[in-house]
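In what follows, a single structure is set out as structure tokens and then discussed.
Indexing begins at 1, ligand by ligand and atom by atom, following the structure's order. Note that this is a predicted model, so its numbers are computed, not measured.
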Amino acid sequence: MSRLFLVLDTGAAILLVALLFVVYRGRQSARGPLPPGPRGWPLVGNVFDMPATNEWNTFMSWGEKWGDVVSVTLFGQHIVILNSIQHAYDMFEKKSNIYSDRPAITMAGEMVGWDRTLVLLRYGTRFRETRKLFSQLIGTRSQTERFSQHLEHEVHRFLRRILREPTSVLKEIRKTTGAVILKMAYGYEVQEGDDPLVDLVDRAVDEFSISTRPGAFLVDTFPILRHVPAWMPGASWKKKAKVWADDLEMTCNVPYAFTQQQMSAGTAIPSFTSTHLESNPVPEKEIVIKNAAFSLYSAGADTTVSAISTFFLAMTCYPEAQRKAQAEIDAVIGNDRLPTLADRDKLPFVTALCCEVLRWQPVAPLGVPHCPVADDFHAGFLIPKGTIVFPNIWKFLHDPDTYANPFDFEPERFIASPGKTAEKDPRQIVFGFGRRICPGMYLADASLFISCAVSLAVFDISKVVRDGKVIEPVIDYTSGTISHPRPFECSIRPRSANAEALITAMHETRER
Ligand code: HEM
């Protein structure tokens with residue numbers, strides 16, 4: 001019986017909150033026109049318009065119909081989608097004093113616990129402290145260069161593993177980016193074969209992507225629903241939240257405890273965590289360090305995995321671009337050594353190819369939403385305080401006004417030639433905007449470049465031919481905050497006996 005009351009109470013509360021939202025929304029509209037958008041329904045707003053997959057495509061089509069600034073509501077929560085890069089710069093950069101907060105996401109943030117990581121931290125003191133720790137480590141290109149050797153070492157190990165197991169490329173990409181960041185964050189060296197820590201963190205990061213998808217969980221629009229008991233029909237998401245919260249807790253604690261234990265034993269490899277812990281921080285600061293280290297890993301690994309996987313997919317589908325990049329490497333570097341990060345300026349086509357990888361299939365198609373801390377009037381529209389504002393990065397990068405033939409993979413677009421200026425560098429878009437711009441962008445950029453350059457130097461990547469039939473890879477991406485290519489097949493073979501010898505003879509052949 002008491003359960004029945006609880007259900008009724010919850011239902012009544014939902015209705016009340018919904019009505020309050022509607023009244024509230026009406027008042028806000030009276031303060032100025034909201035951006036246009038598809039007409040919603042009373043109470044629920046645009047719930048039935050929200051796409052279940054590839055949100056960026058639907059949002060782009062709304063842009064064609066309604067303009068570059070589109071708004072919808074979900075149970076009274078305002079959501080704005082920006083379909084032009086200029087609006088993203090004007091809002092997130094020029095008005096960064098207003099637009100640097102994140103929306104409170106009940107499911108991913110409060111219930112699962114991702115609000116401890118930088119990506120969902122609300123704007124304030126802790127946010128600034130955490131960003132400072134990041135910028136001390138990888139805040140500039142030259143700071144990031146300190147990790148060049150480490151990056152190169154890990155991609156060499158990657159080549160050796162691919163040579164042995166070419167069909168496991170997607171798994172090995174994940175392992176390599178995990179190895180790069182786990183060592184930087186915690187001084188942890190990943191094992192050959194399956195590494196328990198990489199698997200643990202990957203699971204948590206997948207769960208992040210699912211739990212932050214716009215409109216995926218009703219509790220994000222009705223925070224009161226977090227009080228609904230887990231046994232209630234339709235409340236399976238509560239059980240999910242509990243499992244995900246436990247995964248996250250463990251993922252945050254296990255590598256941190258590893259560093260602490262190595263420090264006590266005097267065997268710690270210098271890392272982000274050990275360096276900051278050496279100053280014996282007060283407990284409050286220690287929490288910031290622990291969460292920052294986890295933010296480094298959780299935001300850095302999965303994103304880079306997506307970009308490098310896209311590189312292999314693009315090379316499978318576009319042999320001409322691959323051939324040109326290999327010709328450049330052969331001419332500039334020769335065949336007796338592998339390219340390094342220091343060679344980058346001498347390899348403009350490979351650099352352009354990496355830019356095209358980032359543009360063609362962006363890692364975070366809708367970025368991460370920003371949230372104004374005060375009402376704003378933008379382009380004649382009211383953007384109420386608390387609105388969830390998504391930059392449609394996918395649209396920015398496929399805008400025919402910025403990129404000619406935007407759906408084609410053409411690295412040449414980034415190389416100026418007589419009578420033709422280079423198209424906009426996508427690195428000014430894919431890493432986000434303003435005070436929330438990706439703090440790992442130099443590391444991401446270096447990781448992508450070195451992975452592409454060494455792979456192109458020694459491997460030919462092509463479509464699989466089975467029983468005389470060419471297998472066409474399907475270009476299909478997952479939805480969610482971080483978008484990945486769905487598993488695809490490709491053939492990876494050493495370019496020559498010399499290339500194979502180069503991989504096996506690389507100094508540091510020691511496999512851990
Ligand atoms: C190709 C790889 C990557 C892409 C495309 C990417 C993209 C992004 C984007 C779009 C944002 C949101 C920016 C905004 O709110 O406007 C972001 C935030 C963030 N990124 Fe990256 N990222 C990548 C790699 C990395 C790496 C390697 C690290 C760390 C080592 C990292 C750490 C972070 C963190 C901590 C945030 C949250 C920043 C904040 O909220 O203040 N990312 N990234």
Next on the checklist: Would you call the rings of Y89 and F433 parallel, tilted or perpendicular, taking 30° and 60° as the class edges?
Outcome noted: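 If you compare the ring of Y89 with that of F433, the planes turn out perpendicular.
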Ligand 1 atoms in contact with [X] (distance to a heavy atom under 4.0 Å):
X: L296; value: 29 (C), 30 (C)
X: R131; value: 38 (C), 39 (C), 41 (O)
X: H370; value: 14 (C), 15 (O), 16 (O)
X: F134; value: 35 (C)
X: L443; value: 30 (C)
X: G440; value: 26 (C), 27 (C), 28 (C), 29 (C), 31 (C)
X: T304; value: 27 (C)

Item to check | Ion pair R174/D199, N-O distance below 4.0 Å | outcome: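 Looking at R174 and D199, the cut-off is not met.
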Item to check | Side-chain ion pair, E284 and R126, N-O less than 4.0 Å | outcome: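 Salt bridge between E284 and R126, a charged N being under 4.0 Å from a carboxylate O: yes.
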List the closest protein heavy-atom neighbour of [atom]: residue, atom name, distance to the nearest 0.1 Å.
atom: atom 10 (C) of ligand 1; answer: V430 O, 3.2 Å
atom: atom 8 (C) of ligand 1; answer: C438 CB, 3.6 Å
atom: atom 32 (C) of ligand 1; answer: A299 CB, 3.4 Å
atom: atom 24 (C) of ligand 1; answer: T303 OG1, 3.2 Å
atom: atom 12 (C) of ligand 1; answer: V368 CG2, 3.5 Å
atom: atom 13 (C) of ligand 1; answer: R436 O, 3.1 Å
atom: atom 19 (C) of ligand 1; answer: P439 CD, 3.6 Å
atom: atom 27 (C) of ligand 1; answer: G300 CA, 3.5 Å

Is there a heavy atom in [X] that sits closer than 4.0 Å to ligand 1?
X: F127; answer: yes
X: M441; answer: no
X: M184; answer: no

Item to check | Donor-acceptor pair, side chain of K183 and main chain of V190, under 3.5 angstrom | outcome: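 A pair under 3.5 Å: no.
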Next on the checklist: Determine whether a donor-acceptor pair (N or O, by modelled atom type, separation under 3.5 Å) exists between the side chain of R486 and the backbone of I475.
Outcome noted: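 No, because the side chain of R486 does not come within donor-acceptor range (under 3.5 Å) of the backbone of I475.
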What about the rings of [X] and [Y], do their centers lie closer together than 6.0 Å?
X: F59; Y: W62; answer: yes
X: W360; Y: Y403; answer: no
X: W394; Y: Y477; answer: no

Checklist entry - Hey, are S447 and T304 close enough side-chain-wise for a donor-acceptor pair under 3.5 Å? => result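 Side chains of T304 and S447: no pair found under 3.5 Å.
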Next on the checklist: If you count heavy atoms of other groups shown closer than 6.0 angstrom to NZ of K285, is the number above 12?
Outcome noted: no
Next on the checklist: Is it the case that atom CD in Q143 sees more than 12 heavy atoms from other parts of the structure closer than 6.0 Å?
Outcome noted: yes
Checklist entry - Where does V363 meet ligand 1, judged by heavy-atom distances below 4.0 Å: at the side chain, the backbone, both, or neither? => result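 Side chain only; the backbone of V363 stays clear of ligand 1.
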Next on the checklist: Any nitrogen or oxygen of F433 lying under 3.5 Å from a nitrogen or oxygen in ligand 1? Just yes or no.
Outcome noted: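 Yes, there is a polar N/O contact under 3.5 Å.
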Next on the checklist: With nothing but distance in play, are any N or O atoms of R102 less than 3.5 Å from an N or O of ligand 1?
Outcome noted: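 Yes.
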Next on the checklist: Quick check with a 6.0 Å cut-off and a 45 degree axis cone: is R128 positioned over the face of Y123's six-membered ring?
Outcome noted: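 Flagged: R128 positioned over aromatic ring of Y123.
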Checklist entry - Could you give the distance from CG (L118) to CG (L133), rounded to the nearest 0.5 Å? => result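 So the gap between those two atoms works out to 9.5 Å.
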Item to check | Heavy-atom proximity to atom 2 (C) of ligand 1, best of A364, A444, S447 | outcome: A444
